[in-house]
Chemist: 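Mind having a look at this structure? Questions to follow.
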Amino acid sequence: MSKPSLARGTRDFGPEQMAKRNFIFETVRRSFQRYGFLPLETPAFENLSVLMGKYGDEGDQLLFKILNSGDFTSKLEDKDYTEGYKPLTSKISEKGLRYDLTVPFARYVVMNRGTLAMPFKRYQIQPVWRADRPQRGRYREFYQCDADVVGTDSLLCEAEIVNLLHDILPALGISDFTVKINNRKVLTGIADVIGAGGMEGPLCVAIDKLDKIGKEKVVEELAERGFSSDSITMLDPIFSLSNSEKPFEALRNWLSGSEIGLKGIEELEEVWKMVGLLGLVNPKIEFDVTLARGLSYYTGAIFEVKANNVQIGSISGGGRYDNLTGTFGVPGISGVGISLGVDRIYDVMEELNLFPENQTTSTKVMISNFDKEAFEFGLSLLPKFRKAGINAEMYPDSVKLKKQLDYADRKNIAFVVLIGSDEIQSGKLTLKNMKTGEQQKLSIEEIIPLLS
RNA sequence: GAGGUUGUAGCUCAGUCGGUUAGAGCGCUAGAUUGUGGUUCUAGAGGUCGCGGGUUCGAGACCCGUCUCCCUCCCCA
């Protein structure tokens, strides 16, 4: 016997939390479907050959690996124990838990590309696992809600994602948010014009932290990462650009020497234009040249959504990637997607008190259990309630009424039908309103329309 | 992966310098009330002091290890 405990970084979700989480899931699902995304589910675990090498060295370490079943030591030799854990891991583990929804999606697209109607739009709402160190708002098991379009490089997809976000978030009650947008090509262009071509990776990691650690620290970090002081000086416009009146014009002047940078600006303007054509009024979109997102596979638009006036920062992120399926041998499939973080959205909604009331009420009416005769009479009523679409239950044991009412009270059951010998004889049941305490004598035919 | 921090009843937490039988509030169970919940009153149950080792006549307290919560960094949703 040992005390039960939760595995590190995991959580239970009780009935109350589940009501709220399901509200989020259903709202998100409805919106995804309204934009033509089709559902997809993939297995919780994949072959490690699918997962490894897709998230960088750090990502490989954060993969939960599944030990081979059976006698996994039988094929090992003495030297396997001394050569370190990395070569050993590949000999005793062949499967791992999914780390995100994008890579399994890419695998699915490659395996089914002959049968999919392209462009393919899919949504996927499933848990993912990371062997990370848990912190506030960060768990080892959490849900992602992804929607991606692959097989087209039309910027309509980007504009639709903006619209989609303006659909989902207000439907959840989150009306004060900002969709920050940037373009990876702009960042590449910046690296070019400051004479640090090819270094946009470290550049992104550093400037992405601007709002968190401030300009000085970013400059410090850039120097550490090997940027020359000339480059850093030339980077100066970045700190003021997003605040300027016409950022795209200023940016165009700055990046006039970089073809790819200019292409990025063009794409941004196109997205803005199409968002307008889709008729979105007062779009909450904002160009942010310092938005970089560390993920290296983005090649075009980058999104991040912030809920305003709350502690919790980003609740959603995404972008365009040109070579999603390249590592599986099928190059040239472009895609763009968005991922919503359910746990953070939950926290934001909790903090702003946005969940609708009465999410937890499951039973509308409970039938009391006074004695054997009343119990049997009550059983005949139960299906009548249920057929009328009223959530109903019968208290299973003949215990004191006090206990039964206490149960109904704690479970937030709105009505209790009390049945004793009087009620059985007259057919007039006692309907008790648990909120007001009121009681009235009514027939079952009168009660049902009252509760439905 | 690096650093810091926490752990005592179901929950939130007291527990003095190392000293007798480890406490409170809330919750729980029963009764006051044999057909009536929430309020009130009374009584009761409930503890491997995270786990393992050590120091000591004596450890909830001190030391070491380990696990866990939370926080910072790295990274991320």
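Residue numbers start from 1 in every chain, and the chains themselves are labelled A, B, ... in the order their sequence lines are given, proteins ahead of strands.
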Chemist: Over how many whole Å does the gap from A/Asn369 atom CG to B/G35 atom C1' extend?
Modeler: 13 Å
Chemist: Starting at CG of A/Asp132 and ending at C1' of B/U72, how long is that distance when rounded to a whole Å?
Modeler: 14 Å
Chemist: Between A/Arg225 and A/Glu221, is there a side-chain N and carboxylate O pair less than 4.0 Å apart?
Modeler: yes
Chemist: According to side-chain hydrogen bond (donor to acceptor under 3.5 Å, both in side chains), who are the partners of A/Lys402, at least two apart in sequence or on a separate chain?
Modeler: none
Chemist: Tell me the interatomic distance from A/Tyr99, atom OH, to B/C75, atom C1', rounded to whole angstroms.
Modeler: 7 Å
Chemist: Determine, using ring centers only, whether A/Phe370 and A/Phe375 are less than 6.0 Å apart.
Modeler: no
Chemist: Quick one: sort the A/Phe23 and A/Phe355 rings into parallel, tilted or perpendicular, breaks at 30° and 60°.
Modeler: perpendicular
Chemist: What pairs of residues pass the salt bridge (charged side-chain N to carboxylate O under 4.0 Å, His left out) test when at least one of them lies in residues 170-179 of chain A, not counting sequence neighbours?
Modeler: none
Chemist: Are any of the side-chain nitrogens in A/Asp100 or A/Arg130 under 4.0 Å away from the carboxylate oxygens of its partner?
Modeler: no
Chemist: Which atom pairs link the protein and nucleotides 66-70 of chain B when you take only N or O atoms and keep those under 3.5 Å?
Modeler:
unit_1: B/C69; atom_1: OP2; unit_2: A/Arg8; atom_2: NE; d: 3.0

Chemist: Taking atom C1' in both B/C73 and B/C13, compute the distance separating them and give it to the nearest angstrom.
Modeler: 31 Å
Chemist: Name the nucleic acid region contacted by A/Glu141, choosing base, sugar-phosphate or nothing; use a 4.0 angstrom heavy-atom cut-off, strictly under.
Modeler: nothing
Chemist: For residues 158-169 of chain A, which side-chain donor-acceptor pairs fall under 3.5 Å, sequence neighbours excluded?
Modeler:
unit_1: A/Glu158; atom_1: OE1; unit_2: A/Arg320; atom_2: NH2; d: 3.1
unit_1: A/Glu158; atom_1: OE2; unit_2: A/Arg320; atom_2: NE; d: 2.6
unit_1: A/Glu158; atom_1: OE2; unit_2: A/Arg320; atom_2: NH2; d: 3.4
unit_1: A/His166; atom_1: ND1; unit_2: A/Val162; atom_2: O; d: 2.7
unit_1: A/His166; atom_1: NE2; unit_2: A/Lys284; atom_2: N; d: 2.8
unit_1: A/Asp167; atom_1: OD2; unit_2: A/Arg34; atom_2: NH1; d: 3.1

Chemist: What integer number of Å spans the P atoms of B/G47 and B/A22?
Modeler: 12 Å
Chemist: C1' atom, B/C26 versus B/A45: distance in rounded Å?
Modeler: 16 Å
Chemist: Which whole number of Å gives the distance between the P atom of B/U33 and that of B/G52?
Modeler: 49 Å
Chemist: Going by side chain to side chain contact (heavy atoms under 4.5 Å, CB included), name the residues that satisfy it together with A/Lys215, two or more places apart in sequence or in a different chain.
Modeler: A/Leu210, A/Val219, A/Asp236, A/Phe239
Chemist: Rounded to whole angstroms, how far apart are CD1 on A/Ile302 and C1' on B/A77?
Modeler: 17 Å
Chemist: Going by ring pair (Phe, Tyr, Trp, His ring centres under 6.0 Å), name the pairs with one or both residues in residues 139-164 of chain A, residues two or more places apart or in two chains.
Modeler: A/Phe25-A/Tyr143
Chemist: Return the 5'-most residue of the pair A/Asp422, A/Leu340 with respect to RNA chain B, ranking by each residue's nearest nucleotide.
Modeler: A/Asp422
Chemist: For residues 393-405 of chain A, which residues have at least one heavy atom under 4.0 Å from RNA chain B?
Modeler: A/Lys400, A/Leu401, A/Lys402, A/Lys403, A/Leu405
Chemist: Partners of A/Tyr99 by ring pair (Phe, Tyr, Trp, His ring centres under 6.0 Å), sequence neighbours excluded?
Modeler: A/Tyr55
Chemist: Can A/Arg138 and A/Asp132 be said to form a salt bridge (charged side-chain N to carboxylate O under 4.0 Å, His left out), step by step?
Modeler: CA-CA 8 Å; A/Arg138 296 178 64 173; A/Asp132 211 353; 2.7 Å; yes
Chemist: Expressed in angstrom and rounded to an integer, what is the separation of A/Arg21 atom CZ from B/A77 atom C1'?
Modeler: 12 Å
Chemist: With a distance cut-off below 6.0 Å to the six-membered ring centre and an angular limit of 45° from the axis, does A/Arg21 pair with A/Phe13 as a cation-pi contact?
Modeler: yes
Chemist: With rounding to whole Å, what would you report as the distance between B/G1 and B/U6 at their P atoms?
Modeler: 22 Å
Chemist: Rounding to an integer number of Å, can you tell me how far A/Asp60 CG sits from B/C75 C1'?
Modeler: 14 Å
Chemist: Identify whether any heavy atom of A/Arg130 sits under 4.0 Å from a base atom; if not, whether one sits that close to sugar-phosphate; answer base, sugar-phosphate or nothing.
Modeler: base
Chemist: Only counting residues at least two apart or in another chain, list the ones meeting side chain to side chain contact (heavy atoms under 4.5 Å, CB included) with A/Glu267.
Modeler: A/Leu155, A/Asn183, A/Lys185, A/Lys263
Chemist: Using atom P in both nucleotides, what's the gap between B/C62 and B/G31 to the nearest angstrom?
Modeler: 45 Å
Chemist: Given atom OH of A/Tyr407 and atom P of B/U29, what is their separation to the nearest angstrom?
Modeler: 14 Å
Chemist: With rounding to the nearest 0.5 Å, note down the distance linking CD1 in A/Ile444 to CG in A/Leu429.
Modeler: 6.0 Å
Chemist: Stacking between A/Phe142 and B/A77, defined as ring centres under 5.5 angstrom apart with planes under 30°, is that present or not?
Modeler: yes
Chemist: Have a look at A/Gly137 and say if it touches a base, only the backbone sugar-phosphate, or nothing, with a 4.0 Å heavy-atom cut-off.
Modeler: base
Chemist: I need the residues from residues 424-445 of chain A with at least one non-hydrogen atom less than 4.0 Å from RNA chain B; give them sorted by number, or say none.
Modeler: A/Lys432, A/Met434, A/Lys435, A/Gly437, A/Gln439
Chemist: Identify, with sequence neighbours excluded, every residue that meets side chain to side chain contact (heavy atoms under 4.5 Å, CB included) alongside A/Glu41.
Modeler: A/Gln126
Chemist: State which of B/A77, B/C75, B/G35 makes the closest approach to the side chain of A/Arg225.
Modeler: B/C75
Chemist: Using Watson-Crick and G-U wobble pairs with both distances under 3.5 Å, what is the 5'-to-3' dot-bracket string of RNA chain B, with [ ] for crossing pairs and | for pairs outside the strand?
Modeler: ((((..(..((((.....[...)))).(((((.......))))).....(((((..]....))))))..))))....
Chemist: When rounded to the nearest Å, what value does the distance between P atoms of B/G58 and B/G53 take?
Modeler: 16 Å
Chemist: Is any side-chain N or O of A/Arg138 under 3.5 Å from a base N or O of B/C71, one able to act as donor and the other as acceptor?
Modeler: no
Chemist: Should the side chain of A/Asp409 and the base of B/G37 be counted as holding a donor-acceptor pair, with the cut-off at 3.5 Å?
Modeler: yes
Chemist: In whole Å, what separates the C1' atom of B/A59 from that of B/U20?
Modeler: 15 Å
Chemist: What is the distance from CD of A/Gln61 to P of B/C75, rounded to the nearest Å?
Modeler: 14 Å
Chemist: Can the ring centroids of A/Phe37 and A/Tyr123 be said to lie less than 6.0 angstrom from one another?
Modeler: no
Chemist: Is the phosphate of B/C75 approached by A/Lys209 (side-chain N or O, under 4.0 Å from OP1 or OP2)?
Modeler: yes
